[in-house]
Amino acid sequence: MSTPLITPDLVAVDLAAADRDDATRHLIGLLAAAGRVTDAEGFHADVRAREAQMATGMPGGIGLPHARSAHVTAPSLAIGRLTQGVDWGAPDGPATLVFLIAAPDTGGGDHLQILAALARRLVHESFKTSLREAPDAAAVAEIVTREVVPA
Amino acid sequence: MKFVAVSSCPTGIAHTYMAAEALEQAGRDAGHEVVVETQGAAGSTPLDPAVIAAADGVIYAADLEVKDKERFAGKPFVDVGVKKAVHDAPGVLASAIAAVEAGVPAGAAPVAITSPATKVDSNASVGVRIRQWLMTGVSYMIPFVAAGGILIALGFMLAGIAWDGGNGAVEVTKIPVADLVANFDPTSLQQWSAVLFQTGALAFGFLVPVLSGFIAYAIADRPGLVPGFVGGAASVAVGAGFLGGLVTGFVAGGLAWWISRWNVPKGVRGVMPVVVTPLLSSLLVGIITLVVIGRPIAAAMDGLSDWLNGLSGNNLVLLGALLGAMMGFDLGGPVNKVAYTFAITGLAVPNLPNDANQFKIMAAVMAAGMVAPLAMALATVVRKGLFTHAERENGKAAWLLGASFISEGAIPFAAADPWRVIVSSLVGSSAAGALSMAFAAGVRAPHGGIWVLPLITNFWGWLIAIAVGMVVTCAIVVALKSARPSAVVQAEQAADAQLAAAVA
């Protein structure tokens, strides 16, 4: 694990987004700026394709767009805390906390364990709450890095 | 109680693990033990057989086919799909407990997710319903494509051994059925290969009628079957191919639906479904196909043939591109047939030199005709999620069919999503035809695909032409399908979810 899953520059704490696409595009921009996604448009298409199969809205105001894509260089997480919720297809209402997972499409196994661990943490209310209440981007990244460890 | 569960999702990085965590947590909260096998992208660790043995019931929170499902045979189960487990794990657990308490009999058949998509939701929008009707026809046609195509391909392979000189795939098609019936010799490999080939060809004879018949069946239920099949056969008779079959399917279904709703006197009502509806609807479909559709198609084919013949002598690469496009357009339909006939007519000229243009034309046509099924097979591998279960299954057979120059292998894909598949097939096949010409590949055999490779001059160039065409078509079809995800695939996934919910 040479590259950490998340760094403070992959977190947007006051993200104003019009809709699902807008929020996703903004988070992809962060990944692209950090050099973790080589082709923002291409990756966005992959995420959209996944989203079209089944919306990734999760219980408790979570949006979890994700894709395995050739345009991703390292397993990465970008987090957006939205100022206003947008519909993510979850039955219990709009999403205010968006996790964009980017996974390379090559190789399985080890480097995906960390993403599996993240998905498991997301089920826990305390984890989500601590992320919502974190004061700034650095704190959000720090919580994820501390809490998400491969099983 | 003790439960084992399997979770999986299309991407295998999010839902799979969230469902697992949620189920385990729900188990802990309710005082039950839940052990989950996550069949995700990070690889899966199989459940300990002892844990499975000790479990009272099984929870399938899986959107993909469960790996090694037979391990859980005989245990009560619920099959809910991964989303339900993420959103309502306690509810899923409760229904699993109910299933155990109800004592679902051991050996109860698991729900077959890959069964043909025959369920047409009458509340769906018109667009979705049209696609569901199409998909019903396609899903019944696919086994015919696979069985017939593989038999033909096996016939070619066996013929390659049975005849010396590498042109067995040509010789095998020259043995008529009457000859097989009268003089079958069980020790002759040649005769056996002819049996395989002819059986496959017979199965192929059903492609368009089955497609048309089951589209009509999906629309009008049983009254649609007869006019649908008759219309499909009529479409074959006038050379309209699968595109004609799509038309006759819809026309026949519509007619049967309409006639079966007539308000008729009581005395006639009894004979409506057995006599009147099939009789009238078949007659009408026959008239429409033979008289209305047949003539313009024949005229267009003649015109196209004349035009092609007038072109000869021009730029060969351009001709290759044109013939390739025609081959890829309707996969055995009229346009394809004109290009193919143009090529094999050229072969009939006696005493051609080895580098004759006629052989190059044949090679270009053959290369182009192999592109569509190979490309669709490739696409189902590189972008599984864009295809229905049935299409993915068909993709497996399409490799062999494409390699054997059986363009029909791509028909299920083209029938299910005509314009995207045809556009991509057109471009890739055209590229293959042009490249085959550019490499000056040539072949004396009118069919056989890779089974006549020894007869092909410059076969490396020819193979490259096919590979390029295949990649081009695959790339375009993936791009087109990704740009607007298919309502068919979505409808099927919705149907799967409904099915799963019904079981739960």
Side-chain angles (χ1 to χ4, degrees), chain A residues 41-42 44-60 62-70 72 75-77 89-93 99-128 148 150-151, chain B residues 7-29 36 38-45 63-64 81-91 382-388 478-487 489-494 496-497:
Chain A
E41 276 308 305
H44 198 174
D46 290 334
V47 173
R48 258 199 298 254
R50 171 62 189 81
E51 202 75 20
Q53 286 183 328
M54 185 172 74
T56 58
M58 301 293 170
I62 303 290
L64 187 58
H66 58 276
R68 302 181 70 186
S69 167
V72 176
S76 301
L77 172 68
D92 66 344
F99 298 79
L100 173 65
I101 299 179
D105 70 347
T106 49
D110 289 357
H111 74 269
L112 291 167
Q113 299 285 1
I114 187 89
L115 296 176
L118 168 70
R120 281 177 175 274
R121 288 306 298 163
L122 280 178
V123 173
H124 296 270
E125 204 53 54
S126 57
F127 180 65
K128 290 181 273 193
V148 177
Chain B
S7 66
S8 71
C9 62
T11 326
I13 60 179
H15 287 81
T16 303
Y17 301 97
M18 295 186 72
E21 190 76 15
L23 285 171
E24 287 169 5
Q25 204 176 30
R28 274 194 298 275
D29 292 349
V36 187
T38 50
Q39 298 186 345
S44 65
T45 314
D63 276 13
L64 305 179
V82 73
K83 194 165 186 174
K84 187 138 189 255
V86 171
H87 287 272
D88 183 20
V382 298
R383 278 290 193 280
K384 248 175 142 178
L386 295 174
F387 296 92
T388 62
V478 164
L480 289 176
K481 278 180 181 279
S482 305
R484 234 186 102 232
S486 156
V489 177
Q490 285 174 333
E492 185 185 82
Q493 277 159 358
D496 283 356

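Worth saying up front: this structure is predicted, and the values here are computed from it rather than measured. Chain naming here is simple, since letters A, B, ... match the order of the sequence lines and numbering starts at 1 in each.
- In terms of non-hydrogen atom pairs under 4.5 Å with chain B, the most contact-rich of A:Ala45, A:Ala55, A:Ala49 is A:Ala55.
- The closest side-chain heavy-atom distance from B:Asp63 to A:Gln53 is not below 4.5 Å.
- Ranked by heavy-atom pairs under 4.5 Å with chain A, the first of B:His15, B:Gln25, B:Arg383 is B:His15.
- B:Met18 pairs in a side chain to side chain contact (heavy atoms under 4.5 Å, CB included) with only one of the listed residues (A:Ile62, A:Leu118, A:Leu64), which is A:Leu64.
- Residue A:Asp46 touches chain B through its side chain alone, counting heavy-atom pairs closer than 4.5 Å.
- In this structure, A:Gly89 and B:Lys83 approach most closely via the heavy-atom pair O-NZ, 4.0 Å.
- Annotation: side chain of A:Arg121 is not in contact with side chain of B:Glu21 (no heavy-atom distance under 4.5 Å).
- When all heavy atoms of A:Ala103 and B:Ile13 are compared, the closest pair comes out as CB-CD1, 4.1 Å.
- In the displayed structure, A:Arg48 atom CZ is contacted under 6.0 Å by more than 12 heavy atoms of other residues, nucleotides or ligands.
- Looking at B:Thr38, only its side chain comes within 4.5 Å of chain A, counting heavy atoms on both sides.
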task = May I have the step-by-step check of side chain to side chain contact (heavy atoms under 4.5 Å, CB included) for A:Val123 and B:Glu24, ending in yes or no?
result = CA-CA 11 Å; A:Val123 173; B:Glu24 287 169 5; over 6 Å; no
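- For A:Ala119 against B:Ala14, the heavy-atom pair with the smallest separation is CB-O, 3.4 Å.
- The main-chain N or O of B:Gly12 is never found under 3.5 Å from a side-chain atom of A:His66 such that the two would form a donor-acceptor pair.
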